[in-house]
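Some notes on the structure that comes next.
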Amino acid sequence: MRASLFGQKIKVKQPLGTKTSHVVRFAGDSGDGIQLQGQQFTVASALAGHDLATLPDFPAEIRAPAGTRYGVSAFQIQFGGERITTPGDAPDVLIAFNPAALVVNLDTLAPHSLVVVDESAFSAQRLKRADLASNPLDDGTLDHHEVVRIDISHMTIEAVKPHGLGTKDSLRCKNFWALGLVLWMFDQPREPTQTWIKSKFGNNEQVRDANLTALDAGHAYGETAELSHILDQERIPEAPLDAVEYRTITGAESLALGLVAAGELADTELMFCSYPITPASSLLHNLVGLEDAGVATFQAEDEIAAVCAAIGSSYAGKLGVTSSSGPGIALKAEAIGLGVATELPLIVVNSQRAGPSTGMPTKTEQSDLYQAVYGRNGDTPLPVVATRSPADCFDAAIEAVRIALRHMTPVILLTDGYIANASELWPLPDLETYPDIETRRPTTEDSGSVFQRNPATLARLWAAPGDERFVHRIGGIEKDIDSGNISYDAANHQSMTNLRTGKIASVADFIDPQTIDQGHTSGLAVVAWGSTYGTIFKAVKDALIAGLNVAHIHIRHISPLPPNLAELLADFDTVLIPELNNGQLATLIRDRLCIPVQQLNKVTGQPLTVTEVRAAIELYATRQEQSAG
Amino acid sequence: MNALTFKDFATDQEVRWCPGCGDYAILKSVQRALADDGADPANTVFVSGIGCSSRLPYYIETYGFHTIHGRAPAFATGVKLANPELDVWVVTGDGDGLSIGGNHLLHALRRNINLNVLLFNNEIYGLTKGQYSPTSRPGTNSPSSPAGSVESPIAPGRFALGAGATFFARCVDIDQKGMPGLFNAAKDHPGTAFVEILQNCIVYNKDVFDDVVAKKNAPDNQILVQHGKPLLYGKENDKGLMLNTKTLQLEPVVLGTDGVSLNDIQVHDETNPTLAQILVDMGPGAPTAMGVIHRRTAPVFDQQFWGIRPKARKQQVNSLLRTGNLLDRR
């Protein structure tokens, strides 16, 4: 081994040694297998008993030019022996495969972080590709961090030599070499990665064995003397978890499972009709793998066809589901209006991304709330439900389907690019404990008009072709409130508009009352929705420990709002709404509840940080008075 | 169960097309086709878009869905995939099907999903009061083209065949005798069956097809093609179409003139897409082809779709959740 690997004597034991959780960021070219490395590390963390949250952060380009700053792909994970709800504000370990991956992530690092670099990637040519005039390993850039230089490329090539791969293919194993090293650093198991490699490369023994060797070599490198005098192996305590089964889950996986679970609860088959779009396509990919669980997937010719086919499916008796991101949802708007007019169940999933227009497809945002609540022609209300975390997508999907089938209406389910790709540790639910989802399918006793309504939900009957008792026509032209026939009658249109409004308002009669997620019942209420949940949870938790008078209220039901929300908020002095948009829930709350609210808004394409939310809390919250007891 | 007559396929709704509109005869023919075929109203669905033609589902006593402009093929695709047992019809017009909805029609045809598409072509926008359509002839005077339209029209047949249609037929709205049989041929075709109906908009494009349809013109300007039979037409059935192998065009000829005999006349082969292309592309001086111009068998999308998928739920979610890498803290 080369003596120069370690440079001068480095003290890195302390920054890693005193913590119960860590934030690790893997970064490299978009073709370096960074996301895979992160996913494998995530599974290993979970099996080691750690709670965790991840943040994949990748460019829109599939294979951006190697070594460029804009081509850097990164994966961040926070894991540890305590409750983890965010991927972490600032990494304390950065694994950088090239100069660009190092420099674009420098600003995010915590002070005195551990930076592991592939030293061989810092050639003059690669530095130039990253727009660097000097080598950051030598020019003092990293003076405040602990740097471990390893010639990862060279070590990988040496390690996999026995397998006879060419240089290029050998280098493709370096992500597993580095993963082996990082797994050693945190004493996490290699077995899940080994299993994955074996199943992925099962029919290419050479590649399979080379990758297994690289993984072991990186691990052995840490274990043998090479690193032990610089770096202690970390043994992070296990997280305080409940006595149930857990797995890691991404939002897209969880949402897919939630949809098929809802189908099972409703004893209904699903037709998922969509058109590829970032970051929503992963939902399609996951559902394709669940086709033996009561869903069929149809890739339509465009966004409009996708929603139309979904509505057609619902008309024919299978619950139609469509999915897209903001631009695609815009295209679907007219058809969603038809779904409202014809009172058919439909689930519209929006994996939000940064807009307007094409915006930043791989970057997250919460800026389609107006679109969901207001974005249709005519007075066309529909329920809007939001997910709060990757695992929560499961319950949110079930809730959306429950509402759609109970009230015979399209429902918009808001998630976002962050939730779709991020993962967390999930205590597995037991579907047996979920109440069945009731539908308005006609029973054997029913007859007459499909427009006979349940008085509580105002839902009509869901009769489908094939049933000779209910042969009927529906359409987008206003219909007579009793017969369902075409009607241009003035008073009837007023009645139908009132009915549609009342029907969606009645959703509020069935949803759970809003609760306070944590904190006090007065003072500052931090009210939020969607993927900011984990960050706000942590910020409020810290603020409560620091003695601030604050509460966290996270809203699932965007429209209609929970009926007790006004009453709940009335006891607070200040309402603060942090959002990844320019203030859309803030507008809605002002509009619906007529109360003043403060805003914290961020639209950088990145999630909120705990630090940012905490700073806003400090601005508005009061200290708790010391209690006499 | 079926002793239903065409009247049983009429709804109680008042038909609201202009007096004299060609749609009335088409409606009757559809109802008659359903009765003739012993169709089951409960298993029949008419899906339409927007426009005069798209009102048709309201008048047929089957299941029906009047949707949004141009998207009927997409809705119908969803209906058919959700329940392939249903007999699904799409009713559309030249604006609905070939302008705003051209994309969906293209993809339905390309997939060859088992739908029956009736396209009412009147070469004008009727319901929006008479603007030129994508099938309007150059020079069409309309409220949006007072100086005459300058756009090149699309021929529905050329469009359909270009998209890979496996069934293309054409008829005229006054052919009440022929339409029911043709509609049932479409219904019987596995795959997307596309029927262009030349339809007279009596208000905004009156008699635009007179050169083909009018009684005095019909015999010499229409040819009813029949599979395996020579392409003959004319009042005396003495005119025919002969393939010019240099121009690759079918040329009108008269039997007994210039040495033309029956052997020189092209025999119709409905399975030949090249012949179909030539038949829908015949220029001035040639008759307009009617009947089943093209019909061939090809894989049917809804059958293929369900052929590679489980048809019913086999897995329970609780067991799906508990696969892969689990951390068991029980």
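We name chains A, B, ... by the order of the sequence lines, and we start the count at 1 in each one.
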[X] versus chain B, the contacting section by heavy-atom distance below 4.5 Å:
| X | answer |
| --- | --- |
| A:Leu290 | side chain |
| A:Leu338 | side chain |
| A:Pro427 | neither |
| A:Val43 | side chain |
| A:Leu259 | neither |
| A:Glu432 | both |
| A:Ala464 | backbone |
| A:Thr297 | both |
| A:Ser254 | neither |
| A:Phe298 | both |
| A:Phe470 | both |

Against chain A, label [X] side chain, backbone, both or neither, depending on which of its atoms sit under 4.5 Å from a heavy atom there.
| X | value |
| --- | --- |
| B:Arg322 | both |
| B:Ile50 | neither |
| B:Phe46 | neither |
| B:Leu86 | side chain |
| B:Tyr59 | neither |
| B:Gln316 | both |

Does atom [atom1] of [X] have more than 12 heavy-atom neighbours, drawn from other residues, nucleotides or ligands, at distances under 6.0 Å?
| X | atom1 | answer |
| --- | --- | --- |
| B:Lys28 | NZ | no |
| B:Phe183 | CZ | yes |
| A:Asp267 | CG | no |

Axial cation check for A:Trp462 ring with A:Arg441, 6.0 Å and 45° limits: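 Checked: cation-pi criterion met.
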Does a side-chain N-to-carboxylate-O contact under 4.0 Å join [X] and [Y]?
| X | Y | answer |
| --- | --- | --- |
| B:Lys311 | A:Glu291 | no |
| A:Arg473 | B:Glu61 | yes |
| A:Glu301 | B:Arg110 | no |

Just checking, any donor-acceptor pair under 3.5 angstrom between side chains of B:Ser53 and B:Gln199?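 Result is no, nothing qualifies.
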For A:Glu238, what residues pass the side chain to side chain donor-acceptor pair (under 3.5 Å) criterion, not counting sequence neighbours?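 Testing A:Glu238 for side chain to side chain donor-acceptor pair (under 3.5 Å), a comparison that skips the adjacent residues, returns B:Arg329.
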